[in-house]
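Only one structure is covered here, and it is reproduced in the block below.
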Amino acid sequence: MGEIWVVGQVRDGELAPVSYEAFTAAKELAEKTGGSLSALVVGHGAAQLATGFLLRGATRVYVGEVASPHFCDDQFAAILTAAVAEHKPRAVIGAATVYGKALFARTAALSGCGLLPDVTSIEVEGEHIVARRPCFGGNVLRRLAARGGDTVLLTIRPKVWPPAAEGGSGGEIVELQVAGAGQATITESISEKGQTVNLNEADVVVAGGRGLREADHFKLIFELANTVGGAVGASRAVVDAGWIEYKHQVGQTGKTVNPKLYFAIGISGAIQHLVGMQSSGVIVAVNKDPDAPIFKVSTFGIVADLFEITPALTRVFGERLGR
Ligand SMILES: Cc1cc2nc3c(=O)[nH]c(=O)nc-3n(C[C@H](O)[C@H](O)[C@H](O)COP(=O)(O)OP(=O)(O)OC[C@H]3O[C@@H](n4cnc5c(N)ncnc54)[C@H](O)[C@@H]3O)c2cc1C
């Protein structure tokens with residue numbers, strides 16, 4: 001079998017940590033197929049960023065040096081598509097983040113290669129690469145294989161594979177042709193104001209729901225999240241009510257998260273919320289209704305008034321963590 005590629009996600013001039021999770025998945029697949037493990041980095045300063053993959057044991061890193069510091073899915077997908085057509089890797093793996101979803105969907109459309117999105121396991125069955133992807137909140141596991149093209153594209157769900165540690169020795173760098181790729185140009189990127197921990201990548205998520213009663217009370221959720229170093233999540237009810245922005249919404253029409261620890265505070269546990277968070281490692285639910293459906297998926301259920309429990313959790317975690 002041919003090469004297995006991992007695609008680095010460049011953010012703020014660095015490789016996003018999730019790139020090293022994708023590296024672990026790619027390494028695992030390379031071991032199963034007997035193929036060699038290579039990486040691809042497209043962006044401003046790509047050659048320097050390639051070091052991160054070389055230090056983890058990539059035998060080759062393809063670099064596409066572009067002048068602009070901004071991620072441009074149109075341009076990057078054109079570069080990746082051309083690289084796939086020229087080098088014909090067996091598989092290309094990236095992370096199922098906003099970046100990876102935009103890049104891989106475009107590349108699949110441009111290249112005609114099959115895309116297995118948001119997967120949590122990858123196997124080799126005979127000639128085929130077969131992946132699994134949880135659906136309906138983890139109640140159903142879909143088994144996916146690609147048709148069409150020599151190369152299979154995959155995006156992995158963040159927080160499933162551990163990030164690869166350094167420990168390899170340097171391989172070679174191969175420069176890609178980037179001139180004339182894509183038609184769009186990004187002239188400016190504006191970071192979201194007040195952005196704290198990224199919800200998709202967070203190890204801890206503290207989410208609040210309609211039990212908070214009003215927008216101002218969301219500060220209880222932010223205080224606990226800041227204390228434990230977590231990201232803030234929300235149910236759709238509070239997003240629809242305008243208490244918090246949509247980017248915080250977890251669930252069917254929001255984000256799917258997979259943290260080690262998820263706090264659901266004043267959230268009833270409607271199925272549309274559960275599908276976005278029930279694969280979390282440990283779920284702590286606070287709800288005054290002992291029959292709330294959230295308790296069916298929670299590891300620890302606290303039947304109590306959130307206005308007493310949330311500040312107490314913040315205080316105790318603050319003391320234990322020295323914050
Ligand atoms: C097509 C579709 C898509 C949807 N997508 C999503 C989605 O992506 N994400 C999502 O979250 N929802 C989604 N929903 C909405 C979903 O069905 C629920 O309406 C929503 O999740 C309810 O939000 P909630 O739990 O905050 O509110 P509620 O259901 O009103 O629950 C509030 C909870 O707070 C508890 N509570 C009240 N006061 C206190 C207190 N003082 N202390 C402790 N507990 C208290 C109550 O017992 C209750 O359980 C979708 C719905 C549809 C139809």
Side-chain angles (χ1 to χ4, degrees), residues 96-98 101 117-118 120 133-140 142 155 157-159 192 195-202 204-225 227-228 230-259 261-317:
T97 54
V98 172
K101 287 175 185 173
D118 197 24
T120 56
R133 172 192 189 183
C135 297
F136 302 109
N139 292 318
V140 174
R142 280 172 80 186
T155 57
R157 183 171 290 195
K159 298 276 162 211
E192 284 178 279
Q195 193 181 8
T196 47
V197 184
N198 185 318
L199 198 51
N200 284 123
E201 295 174 14
V204 182
V205 172
V206 184
R210 191 147 47 189
L212 286 160
R213 290 210 298 261
E214 59 182 79
D216 258 9
H217 294 154
F218 239 95
K219 66 173 186 286
L220 294 174
I221 302 296
F222 277 94
E223 281 164 7
L224 179 55
T227 302
V228 297
V232 170
S235 69
R236 175 165 163 178
V238 296
V239 172
D240 286 350
W243 297 359
I244 191 163
E245 295 155 275
Y246 170 71
K247 68 178 182 185
H248 294 280
Q249 185 178 316
V250 173
Q252 182 184 319
T253 42
K255 289 184 175 146
T256 300
V257 297
N258 196 22
L261 175 59
Y262 188 92
F263 289 93
I265 299 181
I267 292 178
S268 58
I271 184 66
Q272 296 90 352
H273 187 80
L274 299 185
V275 296
M277 46 64 74
Q278 69 179 11
S279 58
S280 306
V282 171
I283 297 171
V284 178
V286 181
N287 199 302
K288 66 179 184 185
D289 174 6
D291 297 321
I294 192 72
F295 290 130
K296 294 206 172 82
V297 300
S298 60
T299 322
F300 299 103
I302 305 174
V303 181
D305 185 347
L306 71 88
F307 294 100
E308 287 173 24
I309 293 297
T310 315
L313 287 171
T314 304
R315 197 184 61 248
V316 172
F317 276 109

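First listed ligand is number 1; within each ligand, the first listed atom is number 1. For the numbers below, each heavy atom of this structure counts, side chains included, while hydrogens, waters and symmetry mates do not.
At least one heavy atom of G254 sits under 4.0 Å from some atom of ligand 1. Using a non-hydrogen distance threshold of 4.0 Å, V238 does not register as a contact of ligand 1.
When all heavy atoms of V257 and S279 are compared, the pair lying nearest together is O-OG, 4.0 Å. Contact record, V232 with H248: O-ND1, 2.8 Å, taken as the closest heavy-atom pair. Taking both residues in full, the closest heavy atoms of L212 and F307 are given as O-CZ, 3.4 Å, listed atom of the first, atom of the second, then distance. The heavy-atom pair separating P259 from V204 by the smallest distance is CB-N, 4.1 Å. Of all the heavy atoms in S235 and R210, the pair that sits closest is OG-N, 4.2 Å.
The distance from ligand 1 to the heavy atoms of D305 drops below 4.0 Å at these ligand atoms: 40 (C), 41 (N), 42 (N). Below 4.0 Å from some heavy atom of D289 lie the following atoms of ligand 1, by number and element: 47 (O). For ligand 1, the atoms sitting less than 4.0 Å from at least one non-hydrogen atom of G251 are 7 (C), 8 (O), 9 (N), numbered in the order shown with element in parentheses. Less than 4.0 angstrom separates some heavy atom of A270 from each of these atoms of ligand 1: 16 (C), 17 (O), 18 (C), 21 (O). Numbered from 1 in the order shown, with element, the atoms of ligand 1 that lie under 4.0 Å from a heavy atom of A304 read 42 (N), 43 (C). With ligand atoms numbered from 1 in the order given, ligand 1 contributes 41 (N) to contacts under 4.0 Å with heavy atoms of F307. The distance from ligand 1 to the heavy atoms of G209 drops below 4.0 Å at these ligand atoms: 26 (O).
Classified by interplanar angle (parallel below 30°, tilted 30° to 60°, perpendicular above 60°), the ring pair Y262/H273 is tilted.
Remark: minimum distance from atom 37 (C) of ligand 1 to any protein heavy atom is reached at G211 CA, 3.4 Å. Of the protein's heavy atoms, Q252 NE2, 4.0 Å lies nearest to atom 1 (C) of ligand 1. Protein heavy atom in closest approach to atom 28 (P) of ligand 1: S268 OG, 3.6 Å. From the protein, the heavy atom lying nearest to atom 48 (C) of ligand 1 is N287 ND2, 3.7 Å. Nearest non-hydrogen protein atom to atom 7 (C) of ligand 1 is Q249 NE2, 3.3 Å. In terms of protein heavy-atom proximity, atom 27 (O) of ligand 1 is closest to R210 CB, 3.4 Å. When only non-hydrogen protein atoms are considered, atom 12 (N) of ligand 1 lies nearest to R236 CB, 3.2 Å. The closest protein non-hydrogen atom to atom 22 (C) of ligand 1 is A237 CB, 3.9 Å.
One N or O on the side chain of K255 and one on the backbone of K247 form a donor-acceptor pair closer than 3.5 Å. Within the 3.5 Å criterion, the main-chain N or O of E201 finds a donor-acceptor partner in the side chain of K159.
Q249 and T253 share a side-chain donor-acceptor pair at under 3.5 Å.
Taking D240 as the reference, R236 meet the side-chain hydrogen bond (donor to acceptor under 3.5 Å, both in side chains) condition, with sequence neighbours excluded.
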- CA sep, side-chain torsions, deciding dist, call: F263, L313, side chain to side chain contact (heavy atoms under 4.5 Å, CB included): CA-CA 11 Å; F263 289 93; L313 287 171; 4.2 Å; yes
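Ranked by closest heavy atom to atom 24 (P) of ligand 1, the top entry among A264, S235, A285, G208 is S235. For the residues T253, V250, I267, the heavy atom positioned nearest atom 9 (N) of ligand 1 is part of V250.
The line from CD of Q278 to NZ of K296 is 12.0 Å long, rounded to the nearest 0.5 Å. For the atom pair CG of N200 and CG of N258, the computed distance is 10.0 Å after rounding to the nearest 0.5 Å. Note that the CD1 atom of I267 and the CG atom of N287 stand 9.5 Å from one another [nearest 0.5 Å].
Considering both main-chain and side-chain atoms, G266 comes within under 3.5 Å of ligand 1 through a nitrogen or oxygen pair. Considering both main-chain and side-chain atoms, L306 comes within under 3.5 Å of ligand 1 through a nitrogen or oxygen pair. On a distance-only criterion, R213 and ligand 1 share no N/O pair closer than 3.5 Å.
Within the 4.0 angstrom cut-off, atom 31 (O) of ligand 1 has one or more protein heavy-atom neighbours.
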